[in-house]
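The next block holds one structure in the form of structure tokens; read it before the comments.
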Amino acid sequence: MKEKLTSLEDALRLVRDDDVVGLQAGPTQCAPMELVRGLIRDGRQNLHVVTLSGGLALDWLAAAGCLSRCTFAAVTMEHYGLAQCFRQGVESGRISAEELSETALFARLGAAARGLPFLPTRGMIGTDLLQVGNPNLAVIADPFGGMPVVACRALPLDVALLHAARADRFGNVGIDAGPRYPTIGVMPRAAARVIVTVEEIVSTDVLRENPDRTILPGFAVDAVVLAPHGAHPTSMFPAYDYDADLFEQWVACSSDAAATREFLNSYVRVDPAGYRAAIGPDRLARLERAMTR
Amino acid sequence: MKEKLTSLEDALRLVRDDDVVGLQAGPTQCAPMELVRGLIRDGRQNLHVVTLSGGLALDWLAAAGCLSRCTFAAVTMEHYGLAQCFRQGVESGRISAEELSETALFARLGAAARGLPFLPTRGMIGTDLLQVGNPNLAVIADPFGGMPVVACRALPLDVALLHAARADRFGNVGIDAGPRYPTIGVMPRAAARVIVTVEEIVSTDVLRENPDRTILPGFAVDAVVLAPHGAHPTSMFPAYDYDADLFEQWVACSSDAAATREFLNSYVRVDPAGYRAAIGPDRLARLERAMTR
Amino acid sequence: MSNPSSGDADSSPAADYTVDELMTATLARCLSDGDQITNGISSFMAVCAIELARRTHAPDLVWIAGGSGLDPLDPRMTDSTFEWPIWQHSSMYFELSAQFWDYVANPRFLSTFFVGAAQIDAHGNTNLSVIGDFHHPRARLPGTAGLADMSALDKRLIYWVPDHSRRTLVERVDFRSGAGYLDGDGERERLGIGGGPELVVTNLAVFDFTPISQRLRLRSVHHGIDLETVLAATGFEPVVDGPVGITPPPSVREVTLLRTVVDPQGLRSRGVRQPREKA
Amino acid sequence: MSNPSSGDADSSPAADYTVDELMTATLARCLSDGDQITNGISSFMAVCAIELARRTHAPDLVWIAGGSGLDPLDPRMTDSTFEWPIWQHSSMYFELSAQFWDYVANPRFLSTFFVGAAQIDAHGNTNLSVIGDFHHPRARLPGTAGLADMSALDKRLIYWVPDHSRRTLVERVDFRSGAGYLDGDGERERLGIGGGPELVVTNLAVFDFTPISQRLRLRSVHHGIDLETVLAATGFEPVVDGPVGITPPPSVREVTLLRTVVDPQGLRSRGVRQPREKA
């Protein structure tokens, strides 16, 4: 098996300006934040990010000017409200928005993953998502005489970014018993390149103990990067909780340009060591303890 | 949660003459054989069985005259050769055959499961499976200007029959670390009624220990039946191996009508207790020991 | 878990209750033993209603907590309704969203959804996407998430509105993120979509829908609220085609369970505007 | 597992080998380090070739054993090539068939397949379905299984034929269960299907395909077999457009590995008709 373990720097080189980037993320759940910070630090431009329901990562990318387009079912910070920088980017026209229903987003990714030109859904019928001239959606007849469906055009990704519990050096990625996070199944298969950050690197023998918890085979992964707390400040079940303090700190400043810049310089445009120092070991330990099983 | 645990007799009543029956099965792997024997014992007629690659179960159903139609990607006994009774049934015209590629079979079931009129595949293009007048397949254009696809019409099942490691009384079905057997994911969702036989009944707390190994939620299951060795003579990883002796015995007699009748009377048209007595505890124990991990 | 848990078994109407308790109990009563339900983000009231129903009249109710954890034991309410405290002790985990939709899209399963939205209109259409033009919005909202799907997939939709106002209840939504009855008069059915909105529970009143025109119809106002207040706070003219009753109050048991077991922190009241009592 | 295991490292040609060893080594040499491959049912020779390649020149080869077990440790050959002994010590389990096809259908993954079939024709089309008419067959065969998919999905197909005869190698298959080059002259490409058959390894000879007409072309005959024997056993006229060589023999190391490590039971020879030596 081929070696896939590499440095953060080398992995980030797999993401290029103008790329279509698949981002695993929920409002507060398990986004590959160390990669997101890396893209911002490296000044990546003009990214088209595809996310099911990302929040903080999208807001940071928008704030840093990396984002030109976003395909999503939702961009939200849940109880922290709207993603203000993303929202301003869309309202000002700097970021173009392709909004899809969840089944449509999965259909677009699934079609790309399986080499199909489209997959259908019965979602969105009756909604205005079909009335905004989206060239990637087409209502077509059922050849068997049933109801029409919405064909959702394949959306191939240049690169997919994920975070998970563990991997071996060969790119086999394992998780713990828990829900598999949104799009972790389909995104890597829809992408030409796949980067996974993990909490720990283990031997393949460790994965062989629970081979049904290996969720990505090494042959589908291009780069594995060791990134303990790599999802912080989002949560990583069952390892650590999301960092409510940092979310609140961001929300408090994200409507103000100067405060946003300062936050980005303190917490985002810093290398992993600098980031962990800025957060502090006590806070990380507290987030781990929060998740009592 | 609702009680789903019931007797074999009551569960079998959920299968009716003329039903479209989804059957989880591989050539030698994990078919719900106790249910199959029950259908034969009860004299169920005119069944349309849908299977990915069933073998022995199809041959027994064909031999017993229960089968009038079969939708499949393969019907095979692998190293034991053709399923002779099934084959003779098709060659004589008693059984009509709808042969599909595997992606087409999954597409037909997947469409039924998701309430879609069809799902597309790029499989089968260039093959004669598209040239035999199958009304459930239609080559349609890609509305986005790409290559055409084969639309595969939804195939709703009246009932799905499965075997698994364990369930609680409420129909939540768990497996061990191992491959999930063919169609166990999609078949139950494509079916109006779902019957699952299991090696053991456990408390829900046991399932909560490995909730990611629960592969079917109780709300999607109508009847759970306790059936230790319920897959015998097929295999049940990691519990027991397939019974090569019984496969060989069947293959040796299945081209001869009288010998086939005798086999059916000895091994198939018997109740579970009679079946276990006919096989014998030593043989079952040996098959369990064969599977050393 | 499926057994009704401890708590005052008094089914008599509570004399002392808040509007969020009334709303939650009203939502809970929409659920029956045979339902399977899930919840999305920012859905405290829905989660409390589900848990209340599980602990009272619907012990066999199936709940996929946060779209991922089946039938969780003793879920813990926290600031999020989509995080591990609500699904940590589950009997099955779904792949978040992906596998979950495989079940939702199936007409056999998950027939009821609780829906919150930024705008709801006179025909029960909902908006979570934009205020203003889609391509040049005055306000970019979070996005449809699962709403554009579940509203088009033959489901029974129950809306909750914590802030009944002319801003949230409008004649026509700026953007249909979710399909209600569209323009009414059977347009939804003609598109082949079954189900539809059934009830709208606000902090002032309860609405259902008229059968033909498929517009919101006032069914009851909450205790202490008068009809004029409701009409003045509504951005369209709801149908009033008979005597408007008082919304049945929660029982003593329901209120006690909510306060002591289901949601002692009171997260269900987040965003709920407490109506002023009439003089 | 990915390290070439012990065994005689002698890469010189073996003097003593059987035709199944020759065929297996020839198949193994079609695989390279970068390939991902899987195997279906009744595929001893394919499985032995995969394992031989893993233990010789392609230690990084990825194998999904029996469509379900990734990179198994020390797989055990038994009577089935689709049962637990070959995948019991794997690093990942796929859902048998379903999830597996999610990867196969992706053009990035699993680009090579070994294929066995009841009939192969002059353009590399394959039949696993029926002899005679589809609806009224003289013989109902097992069915296409995965062949109708993988043959239409831009894959490189390598055929093995254990019983080279006018019955197995025919001018036109009774039924196209698998797409080869169809009627040749680019018909496959015109349907938008990439890849295609590359090599046919029989118990007598090795064929590839001509570039334009896309018919089987004799590349080499096995040691001890003469050209006339091959032509007489072939149900169509293969292209012979140059000198026909002798199939390169397996190395001492390959033969030793097959006999002592990969398949000591000799399951690879099942169904292989041993050709008669010429006088």
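For the numbers below, each heavy atom of this structure counts, side chains included, while hydrogens, waters and symmetry mates do not. In the text below, chain A, chain B and the rest are named by the order of the sequence lines, each starting its count at 1.
- The two residues F144(A) and N136(B) come nearest to each other via the heavy atoms CZ-O, 3.4 Å.
- Neither the backbone nor the side chain of P148(A) has a heavy atom closer than 4.5 Å to any heavy atom of chain B.
- Counting all heavy atoms, side chain and backbone alike, P117(A) lies closest to D142(B) at CB-OD2, 3.2 Å.
- The contact between A141(B) and chain A is made entirely by backbone atoms, counting heavy-atom distances below 4.5 Å.
- For the side chain to side chain contact (heavy atoms under 4.5 Å, CB included) with L119(B), the qualifying choice from V149(A), L116(A), L119(A) is L119(A), the only one to do so.
- The number of heavy atoms from other shown groups lying within 6.0 Å of CZ (R169(A)) does not exceed 12.
- Residue R213(A) touches chain B through its side chain alone, counting heavy-atom pairs closer than 4.5 Å.
- Atoms CD1 and CD1, from I140(A) and I140(B) in turn, are 4.5 Å apart once rounded to the nearest 0.5 Å.
- Annotation for G115(A) and R122(B): closest pair O-CG, 4.0 Å, computed over non-hydrogen atoms.
- Considering only heavy-atom pairs separated by less than 4.5 Å from chain B, the leading option among P179(A), A154(A), P120(A) is P120(A).
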